[in-house]
Amino acid sequence: MAYPFSEIELKWQEYWRSHETYRVTLDPSKPKYFVMDMFPYPSGEGLHMGHPLSYTATDVVMRMKRMQGFAAMHATGWDAFGLPAEQYAVKYKLHPRITTERNIATYRRQLDSLGYGYDWSREINTTDPNYFKWTQWIFLKFFNSYFDTEEQKARPIEELVRRIASEGTAGIPCALPRDTKHYSKEAWGAATAKERSDFLAQCRLAYVADAPVNWCPELGTVLANEEVPEQEEKGYTVLRRNMRQWVLRITAYAERLLRDLDTVNWPESTVQSQRNWIGRSEGAEIDFSIAGADHTIRVFTTRPDTLFGATYMVLAPEHPLVAKITTGAQDGAVRNYLEEVRRKSDLERTDLAREKTGVFTGAYAINPANGKHIPIWIADYVLISYGTGAIMAVPGHDERDFEFAGAFGLPIVRVVQAPGVDASEPLVTPFTEDGIAVHSGFLDGLSTEQAKQRMIEWVEASGAGVRTVKYKLRDWLFSRQRYWGEPFPIIYVDEGDGEYPKALPERMLPVILPEVESYQPSGTGESPLATIPEWVNTTDPETGRFARRETNTMPQWAGSSWYFLRYLDPKNDTALISSDAERYWMPVDLYIGGAEHAVTHWLYSRFWHKLLYDYGIVHTPEPFQRIFHQGMLLGENGSKMSKSLGNVINPDQLVSEYGADTVRSYVLFLGPLEGTKPWDSKGIMGVHRFLNRLWRVIVREDNTTDRSSITDGTPSSSLERLLHQTIKKVGDDIEALRFNTAISACMILLNAMEEESGGIPRAAYEALLKLMAPFAPHIAEELWQRLGNAGTIFDTTWPAYDEAKTVETTVTLILQVNGKVRDKLDVPRGLMTADLEAFARQSPNVMKHIDGKQIKKVIVVQDKLVNVVAA
RNA sequence: GCCCGCGUGGCGGAAUAGGUAGACGCAACGGACUUAAAAUCCGUUGGCCGCAAGGCCGUGCCGGUUCGAGUCCGGCCGUGGGCACCA
């Protein structure tokens with residue numbers, strides 16, 4: 001008979017609830033520990049096995065830290081805005097709030113059934129107006145800020161406006177586009193509100209732009225990049241289309257986001273992903289004038305040293321100069337090409353295997369290094385969104401340019417010499433590595449690195465260019481055309497010369513969602529909110545004049561970019577978070593979540609955090625000190641768990657079959673947390689048996705307590721040693737998130753206790769219960785109580801170990817001959833080298849193997865081995 | 001193509017400072033208990049040879065460093081993930 005897990009689990013869950021066991025408060029007398037997992041999206045499916053994996057891991061850490069005397073913060077909540085609830089609402093005409101509440105109830109029941117010790121008084125919900133009020137508040141901070149390029153931080157836009165009013169726009173510390181139309185102080189004074197708004201949009205950290213989006217006609221909405229493959233798989237079509245969008249200027253923070261990666265304890269792969277995603281490149285912007293025209297083409301290159309090898313130029317098809325420089329003779333060909341490009345899907349355009357395409361514009365540029373006229377082409381291998389949207393093509397030293405030049409018969413010259421290669425030989429493959437500059441005038445003979453620096457100095461001196469740093473990172477498209485998301489606290493006003501966006505004042509937050517009759521997308525690409533005139537049409541609270549509300553809503557990332565802060569002060573209605581709470585709890589000490597969020601959630605959160613840091617709302621530049629990725633749990637057959645494969649493991653069923661303690665312990669016992677591992681439904685019995693054995697130490701078949709096997713005596717020296725070793729190992733392993741070996745250490749300890757001849761010493765058994773309590777909290781509580789203790793085991797202190805008592809008094813000495821084990825011998829620890837060597841020489845089996853050979857050398861590692869080298 | 005990671009018994013995995021390879025658990029086999037089964041308990045379990053003592057082989061493959069390599073170095077093969085015309 002298995003122990004009555006259902007009964008005791010319910011009992012203790014009820015105890016924890018009524019005693020608010022997991023309520024944690026700010027306590028300056030204690031060190032704090034803030035542990036997090038990713039708060040779930042409450043889907044209609046309920047929990048899947050991935051949740052118990054990371055949630056148990058964080059729960060175990062919280063429980064141990066708490067017993068070690070920390071104020072251990074572990075809270076959760078609901079990332080409840082999002083597409084699935086909205087799609088469900090469209091289909092069944094049910095308000096997403098209803099389904100969301102229903103799903104949350106299911107999740108809550110499931111989380112409770114697994115015995116998690118969340119502090120539910122800190123529960124948050126991104127769809128709660130008291131929560132998203134602050135999401136909107138942060139958005140307003142973005143909107144009302146510019147990024148000061150001198151101080152490298154966000155500052156209030158009013159300060160910039162004041163400065164412009166007194167000095168004009170020239171020289172303001174903002175990264176403005178090159179063709180910005182500047183205002184003198186007088187012109188600014190005379191400008192309309194719309195004109196000022198348009199100018200300031202270039203400075204604000206949140207701005208409106210016409211941006212190409214992934215438009216899905218069937219869903220009537222725009223998709224995030226990461227949503228596209230999923231929807232395409234479902235058979236929906238996704239097209240490129242320009243729409244008016246909110247964009248957050250994350251690029252302003254590129255350098256800080258990159259630099260501060262050096263300060264965090266994260267998986268190297270995730271740090272690398274973020275570095276690559278930010279994609280910093282050093283190089284130069286160089287201007288090429290156009291022969292016979294009053295335009296210049298600015299290019300970005302990381303290889304200014306190859307300027308003498310630039311034999312043609314390429315503009316992206318979308319480049320604004322295309323229309324201006326194309327000659328009459330090439331006009332038809334260019335138009336045809338542009339049309340061809342427009343028709344291509346994203347997939348076709350990014351297919352690396354395909355042939356390079358392009359067309360000549362008829363115009364020529366002048367290479368500033370050697371004055372040569374080089375043809376200007378258009379090709380879609382150059383992207384408008386990176387660099388300047390134009391390149392100088394150096395086919396000798398760039399794979400893509402080489403391929404293109406080959407396809408269109410453009411000249412290829414060598415300007416970098418590989419070691420041991422004849423510089424006059426034609427290139428048969430592009431040479432992209434470093435070498436020595438050749439055929440490059442004043443650069444000849446310089447190494448690539450020297451030549452880069454020399455050329456940058458030269459272009460800067462001649463006014464043809466400047467040293468520049470570019471990033472792959474793009475600004476963050478921040479609006480979705482959906483109902484079920486945070487409304488923007490923005491209205492549009494028009495004073496006769498066009499609409500412009502205007503922030504609502506803080507006192508009007510939160511801007512809540514109106515009730516709608518249909519969740520069906522408007523079909524125009526706008527959100528369902530656009531179909532409600534009573535909501536859209538409003539008045540400007542400042543002027544009382546007519547205004548229209550923004551009808552986009554925020555993406556799901558909005559609510560999740562800062563939620564951890566709200567756990568710390570969830571009920572505060574005068575501030576996002578109190579300074580006291582923030583200073584005490586932040587930063588997050590440990591955050592466990594899936595690696596799939598490496599460059600989304602964990603980059604976005606850092607960005608938001610830095611804005612809050614700039615305003616002194618948070619005191620650490622980085623929010624998450626340590627991140628850890630749990631691996632994936634596969635189905636029994638080793639393939640991904642999926643409904644279609646019918647190999648989904650249901651947590652509810654496992655809990656009712658084996659109990660929460662077994663399920664918790666087993667998901668962690670399966671293997672290293674970070675590893676991808678298949679589920680094995682038979683293996684769970686091993687852990688279940690272990691808990692049963694732990695139970696039967698003091699409970700009989702009829703469920704009565706019998707402490708007769710527990711003694712008040714002292715443990716044998718070997719058991720005492722093992723106990724101290726186990727206490728040390730379990731603590732270290734939990735700290736390092738090696739739960740599988742922590743559990744196996746507990747199993748070894750119980751195995752040894754059962755072999756203890758004079759019964760099990762009470763102190764040892766109690767220590768084992770405490771060590772197991774983080775993994776199996778219910779059974780630990782019950783046994784703790786049945787031993788005659790009062791209260792919860794989680795208010796007791798974590799067992800301590802004595803380092804001296806972990807040390808073995810005897811060691812197994814390994815005797816080797818030429819590196820092969822020939823004998824083993826138990827000897828006292830700490831013997832001298834000479835003694836150990838003597839053991840080896842006396843061993844019959846060692847003697848047999850050195851017989852007839854000469855001893856060259858004897859290696860002795862104290863307390864470990866003796867290796868006799870003989871030949 | 002580039003950047004990460006991983007290859008250990010029949011299976012999940014352990015070996016945390018280069019020093020006993022296979023801890024712990026599953027499965028399997030043998031036994032005890034039982035009318036029987038389940039549950040529980042005891043034992044065996046990397047392969048090969050041997051009655052035994054013991055020996056040989058063995059951590060994807062090939063090579064190197066070392067008295068000694070699962071662990072370090074070089075090359076290859078396989079596999080999983082991320083990015084992908086970023087100039």
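In what follows, every chain begins at residue 1, and chains take the letters A, B, ... in the order their sequences are listed.
- Using atom C1' as the reference point in both C72(B) and G54(B), the two lie 33 Å apart (nearest Å).
- Taking the O4'-C1'-N9-C4 or O4'-C1'-N1-C2 dihedral as appropriate, G22(B) has a value more than 90° from 0 and is therefore anti.
- For Ser281(A) and A87(B), the shortest distance from a side-chain N or O to OP1 or OP2 is below 4.0 Å.
- Comparing the same atom, P, in G25(B) and in G43(B) gives a spacing of 12 Å after rounding to whole Å.
- His397(A) places a side-chain N or O within donor-acceptor distance of the main-chain N or O of Val415(A), the cut-off being under 3.5 Å.
- Counting non-hydrogen atoms under 4.0 angstrom, Asn751(A) reaches the backbone sugars and phosphates but no base.
- When each of Arg303(A) and Glu268(A) is assigned the nucleotide of RNA chain B with its nearest heavy atom, Glu268(A) is the one assigned upstream, toward the 5' end.
- The shortest side-chain heavy-atom distance between Thr448(A) and Arg303(A) falls under the 4.5 Å cut-off.
- Base pairing annotation: G58(B) forms no Watson-Crick or G-U wobble pair, as no partner gives both donor-acceptor distances under 3.5 Å.
- Taking the six-membered ring wherever Trp is involved, the centroid distance between the rings of Tyr666(A) and Trp679(A) falls below 6.0 Å.
- For His688(A) and G25(B), the shortest distance from a side-chain N or O to OP1 or OP2 is not below 4.0 Å.
- Aromatic ring centres of Trp377(A) and Phe404(A): separated by under 6.0 Å.
- Checked for salt-bridge contact, Lys452(A) and Glu282(A) miss the test: no charged N lies under 4.0 Å from a carboxylate O.
- Regarding contacts with the backbone of C41(B), a side-chain N or O of Arg696(A) is found under 4.0 angstrom from either OP1 or OP2.
- Only the C1' atoms considered, G18(B) is 13 Å distant from C73(B), to the nearest whole Å.
- Counting atom types as modelled, Lys682(A) pairs no side-chain N or O with a base atom of C11(B) as donor and acceptor under 3.5 Å.
- Atom C1' of C6(B) sits at a distance of 39 Å from the matching atom of G50(B), rounded to the whole Å.
- The side chain of Ile748(A) sits closest to C24(B) out of C24(B), G19(B), C4(B).
- Using Watson-Crick or G-U wobble geometry with both donor-acceptor distances under 3.5 Å, G43(B) finds its partner in C29(B).
- At a threshold of 4.0 angstrom between heavy atoms, the contacts of Arg275(A) with the nucleic acid are absent.
- When distances run from any side-chain atom of Val821(A) to the nucleotides A21(B), G55(B), C67(B), the shortest one goes to A21(B).
- As rounded to the nearest Å, A87(B) and A15(B) have P atoms that lie 41 Å from one another.
- Residue Glu399(A) is out of contact with every strand shown, counting any heavy-atom pair closer than 4.0 Å.
- Using a 4.0 Å cut-off between a side-chain N of Lys or Arg and a carboxylate O of Asp or Glu, Glu803(A) and Lys728(A) qualify as a salt bridge.
- Figure legend. U66(B) is base-paired to no nucleotide; pairs are counted as Watson-Crick or G-U wobble with both atom distances under 3.5 Å.
- Spacing of P atoms, C76(B) relative to C57(B), comes out at 29 Å, to the nearest Å.
- Listed pair Arg298(A) / A87(B) fails the phosphate criterion, with no side-chain N or O lying under 4.0 Å from OP1 or OP2.
- Pairing of G80(B), defined by two Watson-Crick or G-U wobble distances under 3.5 Å, is identified with C4(B).
- G18(B) is unpaired under the criterion used here, namely a Watson-Crick or G-U wobble arrangement in which both key atom distances are under 3.5 Å.
- If you look at Trp602(A) and His629(A), their ring centroids are closer than 6.0 Å.
- Across A27(B) and G12(B), the matching C1' atoms stand 11 Å from one another, rounded to whole Å.
- Using atom P as the reference point in both G9(B) and G60(B), the two lie 7 Å apart (nearest Å).
- Pair check for A23(B) finds none; no Watson-Crick or G-U wobble contact set falls under 3.5 Å.
- Within 4.0 Å (heavy atoms only), Pro267(A) reaches no atom of the nucleic acid at all.
- Mapped onto RNA chain B by nearest heavy atom, Lys677(A) and Asp680(A) fall at different nucleotides, with Lys677(A) at the one closer to the 5' end.
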